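What follows is a short report on a single structure.
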There are 2 protein chains.
Amino acid sequence: MLDDERCPDCKRINEVLSRVGDRWSVLVVISLAEYGTMRFNELKRNLGISQRMLSLTLKELERDGLVNRTYHPTIPPKVEYNLTEMGLSFREPVSALGFWALENLSRIDAARETYDEAVVK
Amino acid sequence: MLDDERCPDCKRINEVLSRVGDRWSVLVVISLAEYGTMRFNELKRNLGISQRMLSLTLKELERDGLVNRTYHPTIPPKVEYNLTEMGLSFREPVSALGFWALENLSRIDAARETYDEAVVK
DNA sequence: AACCTCGGTTACACAAGGGGAACCGCCATG
DNA sequence: CATGGCGGTTCCCCTTGTGTAACCGAGGTT
């Protein structure tokens, strides 16, 4: 049973998805794409995300080169986030996915109901 | 601190992504889109996925109406999977995402190296 | 003096993701 | 007779993900 049989692209796609494919990253990118520049607590309130997860998510997105972080050492501190060029290019496939999601949510719900009824029956 | 401030679409996008947005679902859809109809162990070998996860993933995809399951009661049993119409429509945004992933993997790696060096320094 | 704001970090706890191995029935192959 | 393949299911266990709550420092507000 060789692993070499597996499709080569899957491994790489898997790699990228495990980095930027989590829900919070996707939602942060969508928000930044829509509103441009946003502050930390602005994102937090907008997404309904916990402080901890937002902090972790933004750090990863910055590390991966999708988000710029600008720190203004004022009192109180002000930190602004916006998308890099790569972040903006990521926005296209992501918003396509988001659009599909909104379009098909009801269809998925309907399919689930049908399936669950058939199983119970 | 009201939750009502949060963007309304995020909640729904989040819902759909938490259903069909996991890595294995995405990879299964990509495989089925590329090869058409596939058998269980064919997918397993192709993706390098564990038997357990493939079983769970296919069951959810069938329940959500993205995948058809056809059982042939032969000996040995033969079970074939292929995409439904909705599954095929899902393939478009997914393959856009996959394409972006392949295009930008090296850029992400480069950004990570730069970031990590700057942090260590 | 007490408390709030901003942008985090850290500790703790619990849920979910996911791999490995064993088992199933049934037949073909060695 | 033993083994292997097909298409799963079930159990065990470890790793991640994610929320909650507390804390930080400096300054402004009440």
Side-chain angles (χ1 to χ4, degrees), chain A residues 1-3 5-6 10-11 13-28 31-32 37-64 67-82 115 119, chain B residues 1-3 5-6 10-11 14-15 17-28 31-32 37-64 67-82 115 119:
Chain A
M1 178 99 49
L2 308 172
D3 280 348
E5 300 179 43
R6 75 173 76 168
C10 287
K11 199 153 163 286
I13 292 177
N14 211 338
E15 278 182 52
V16 177
L17 289 183
S18 62
R19 296 172 194 204
V20 294
D22 63 295
R23 282 201 307 291
W24 289 129
S25 295
V26 167
L27 292 178
V28 165
S31 275
L32 289 179
T37 295
M38 293 181 83
R39 302 181 63 177
F40 186 87
N41 279 321
E42 211 171 348
L43 277 165
K44 179 166 174 277
R45 279 189 291 268
N46 189 250
L47 295 177
I49 184 179
S50 74
Q51 204 160 3
R52 195 181 97 89
M53 286 313 297
L54 180 56
S55 175
L56 292 174
T57 301
L58 284 171
K59 212 185 295 176
E60 278 301 297
L61 287 175
E62 189 199 355
R63 185 173 177 232
D64 288 343
V67 158
N68 281 319
R69 183 185 121 103
T70 313
Y71 173 67
H72 303 277
T74 58
I75 303 284
K78 178 174 180 179
V79 181
E80 293 182 319
Y81 295 90
N82 64 334
Y115 182 93
V119 169
Chain B
M1 180 96 50
L2 307 171
D3 279 349
E5 302 178 43
R6 73 173 76 168
C10 287
K11 196 152 166 288
N14 211 340
E15 277 182 52
L17 289 183
S18 64
R19 296 173 194 205
V20 294
D22 62 296
R23 283 201 306 291
W24 289 130
S25 294
V26 167
L27 292 178
V28 165
S31 275
L32 289 179
T37 295
M38 295 181 81
R39 302 180 61 176
F40 186 87
N41 280 320
E42 211 171 348
L43 276 165
K44 178 165 174 278
R45 278 189 292 269
N46 189 250
L47 296 177
I49 184 178
S50 73
Q51 205 158 3
R52 179 175 169 275
M53 285 314 297
L54 180 56
S55 175
L56 291 175
T57 301
L58 284 171
K59 213 184 294 176
E60 277 302 296
L61 286 175
E62 189 198 356
R63 184 173 178 232
D64 288 342
V67 158
N68 281 320
R69 178 182 187 270
T70 313
Y71 174 66
H72 304 276
T74 58
I75 302 285
K78 179 175 180 177
V79 181
E80 292 182 318
Y81 294 91
N82 64 335
Y115 182 92
V119 169

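Everything numeric in this text was worked out from a predicted model, so none of it was measured.
- Looking at the side chain of B:F40, the nearest of the listed nucleotides D:dG7, C:dG7, C:dG19 is D:dG7.
- Residue B:R52 places none of its side-chain N or O atoms closer than 4.0 Å to OP1 or OP2 of C:dC23.
- The B:S55 side chain lies nearest to D:dG8 when the options are D:dG8, D:dG5, C:dG8.
- Distances shorter than 4.0 Å separate some side-chain N or O of A:R23 from OP1 or OP2 on D:dT18.
- Nearest-nucleotide positions on DNA chain C for B:S50 and A:N41 put A:N41 closer to the 5' end.
- Note on B:R39: every side-chain N or O is 4.0 Å or more away from OP1 and OP2 of D:dC6.
- For C:dG7, the OP1/OP2 oxygens have no side-chain nitrogen or oxygen of A:R69 closer than 4.0 Å.
- Summary of the strand contacts: A:M53 and A:P77 both lie near DNA chain D, and taking for each the nucleotide with the nearest heavy atom, the more 5' one is attributed to A:M53.
- A:S25 is not listed as a side-chain neighbour of A:E60, based on a closest heavy-atom distance of 4.5 Å or more.
- At a cut-off of 3.5 angstrom, counting only N and O atoms as typed in the model, there is no donor on one side facing an acceptor on the other between the side-chain of B:Q51 and the base of C:dG20.
- Closest to the side chain of B:K78, out of C:dC6, D:dG7, C:dG20, is D:dG7.
- In this structure, B:Y71 does not reach the D:dC6 phosphate: none of its side-chain N or O atoms is under 4.0 Å from OP1 or OP2.
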